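Since the structure comes first, as structure tokens, the remarks are kept for the end.
Keep in mind that what you see is a predicted model, and the values were worked out from it rather than measured.
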Amino acid sequence: VQLQASGGGLVQPGGSLRLSCAASGRTVGSVDMGWFRQAPGNEREFVAGIRRGRGSTYNAGLVKGRFTISRDNAKNTLYLQMNSLTPEDTAVYYCAATTANLITSSMRTIGAYDYWGQGTLVTVSS
């Protein structure tokens with residue numbers, strides 16, 4: 001599975017941004033996928049995940065109610081809609097996928113994912 005993340009950029013606090021992750025090699029509906037982020041000096045952390053098939057979604061507590069993960073099977077693309085952004089959301093955002101059928105708790109685990117995009121930088125600043 002090859003993943004190509006895009007859509008990052010500079011946005012003001014309170015603004016919105018939508019990240020995209022174009023997939024090839026497998027359809028986005030056939031793999032478990034997730035978004036992670038890594039801020040300078042911090043470890044990479046889980047942001048949101050979406051299960052294969054019916055597409056159950058899971059969000060980290062810090063982004064719940066602000067970020068929404070989704071996918072478009074026809075475009076074979078994963079999305080992360082980010083609203084009400086704060087400077088604390090500044091980070092490099094990575095999309096990830098795995099062909100393994102994860103249990104729910106593993107959706108948040110970096111090591112559970114086999115394939116990673118290159119990352120896209122989101123900077124929230126006035």
Answer whether the closest heavy-atom distance between the side chains of [X] and [Y] falls below 4.5 Å.
| X | Y | answer |
| --- | --- | --- |
| Thr99 | Tyr115 | yes |
| Leu85 | Phe67 | yes |
| Ser16 | Asn83 | yes |

Give me each pair satisfying salt bridge (charged side-chain N to carboxylate O under 4.0 Å, His left out) with a member in [range], each pair once, sequence neighbours excluded.
| range | answer |
| --- | --- |
| residues 114-126 | none |
| residues 57-80 | Arg66-Asp89 |
| residues 9-35 | Asp32-Arg51, Asp32-Arg52 |

Is there a donor-acceptor pair under 3.5 Å between the side chain of Thr90 and the backbone N or O of Val124?
-> yes
State whether the side chain of Thr98 and the backbone N or O of Ala100 hold a donor-acceptor pair below 3.5 Å, judged by distance alone.
-> yes
Applying side chain to side chain donor-acceptor pair (under 3.5 Å), name anything that partners Thr77, two or more places apart in sequence or on another chain.
-> none
Side chain to side chain donor-acceptor pair (under 3.5 Å) against Glu45, all qualifying residues, sequence neighbours excluded = Arg37
For [range], which residue pairs qualify under disulfide bond (SG atoms under 2.5 Å apart), counting only residues two or more places apart or in two chains?
| range | value |
| --- | --- |
| residues 45-85 | none |
| residues 30-97 | Cys21-Cys95 |
| residues 28-74 | none |
| residues 44-85 | none |

Going through the checks in order, is the side chain to side chain contact (heavy atoms under 4.5 Å, CB included) test met by Asn73 and Val28?
-> CA-CA 6 Å; Asn73 291 340; Val28 293; 3.5 Å; yes
What are the two closest heavy atoms between [X] and [Y], and how far apart are they?
| X | Y | value |
| --- | --- | --- |
| Tyr93 | Leu80 | CD2-CD2, 4.1 Å |
| Tyr113 | Gly34 | CE2-N, 3.8 Å |
| Leu17 | Gly7 | CG-O, 3.6 Å |

Could you walk me through whether Thr27 and Ser30 pass the side-chain hydrogen bond (donor to acceptor under 3.5 Å, both in side chains) test, one step at a time?
-> CA-CA 5 Å; Thr27 59; Ser30 69; 3.1 Å; yes
Do any pairs count as a side-chain hydrogen bond (donor to acceptor under 3.5 Å, both in side chains) and have a residue in residues 1-11, sequence neighbours left out, and if so which ones?
-> Gln2-Ser24
Those residues at least two apart in sequence (or on a different chain) that pass ring-ring contact (aromatic ring centres under 6.0 Å, His included) with Phe46 are Phe36
Name of the residue among Ile69, Val31, Leu3, Leu19 meeting side chain to side chain contact (heavy atoms under 4.5 Å, CB included) with Leu78 = Ile69
Please identify each residue that fulfils salt bridge (Lys or Arg N to Asp or Glu O under 4.0 Å) with Arg108, with sequence neighbours left out.
-> none
